[in-house]
Amino acid sequence: MTNLNKYFDEFYEVCKTLSLEELQKIAFNAKDEETRLFFGAIVNYSIKVNFKKALENEKY
């Protein structure tokens, strides 16, 4: 396993423990545009996935 894979796995494990609000705070307070966009994309993806799951679980 390369160091990059190790860091990504650790980052992923940490992200799973954070709420969307906490990820939004990180994005908002990021020092550079690239970091803001990166965390913003994670938040948007999480919202999209959770919304899709909610729709799939809805019974009509």
Task: Test: Glu21 and Lys25 ion pair at under 4.0 Å - done: no
Task: Ion pair check, Lys16 and Glu13, cut-off under 4.0 Å - done: yes
- [ ] Drop me the distance from Thr2's OG1 to Tyr7's OH, to the nearest 0.5 angstrom.
- [x] 10.0 Å
Open item on the list: Taking salt bridge (Lys or Arg N to Asp or Glu O under 4.0 Å) as the cut-off, I'd like each qualifying pair that reaches into residues 30-46, sequence neighbours left out, listed once.
Closed with: Glu33-Arg36
TODO: Over all heavy atoms of both residues, which pair between Ala27 and Gly40 is shortest? Give the atoms and the distance, please.
DONE: CB-N, 4.0 Å
Task: Any Lys6 side-chain heavy atom under 4.5 Å of Glu10 side chain - done: yes
TODO: Please round to the nearest 0.5 Å and tell me the distance separating atom CG of Asn44 and atom CZ of Phe39.
DONE: 13.5 Å
Task: Spacing of OG1 belonging to Thr35 relative to CD1 belonging to Ile26, to within rounding of 0.5 Å - done: 10.5 Å
Open item on the list: Would you say the ring centers of Phe11 and Phe38 fall short of 6.0 Å from each other?
Closed with: yes
Open item on the list: Within this structure, what is the CD-CD1 distance for the pair Gln24 and Ile47, rounded to the nearest 0.5 Å?
Closed with: 6.0 Å
Open item on the list: Do Phe28 and Ile42 sit in one hydrophobic cluster, given that two such residues count as connected whenever their side-chain heavy atoms are within less than 4.5 Å of each other, even indirectly?
Closed with: no
TODO: Supply the atom-to-atom distance Cys15 SG to Leu23 CG, rounded to the nearest 0.5 angstrom.
DONE: 5.5 Å
Open item on the list: Please give me the minimum heavy-atom distance between Thr17 and Glu22, naming the atom from each residue.
Closed with: O-OE1, 4.2 Å
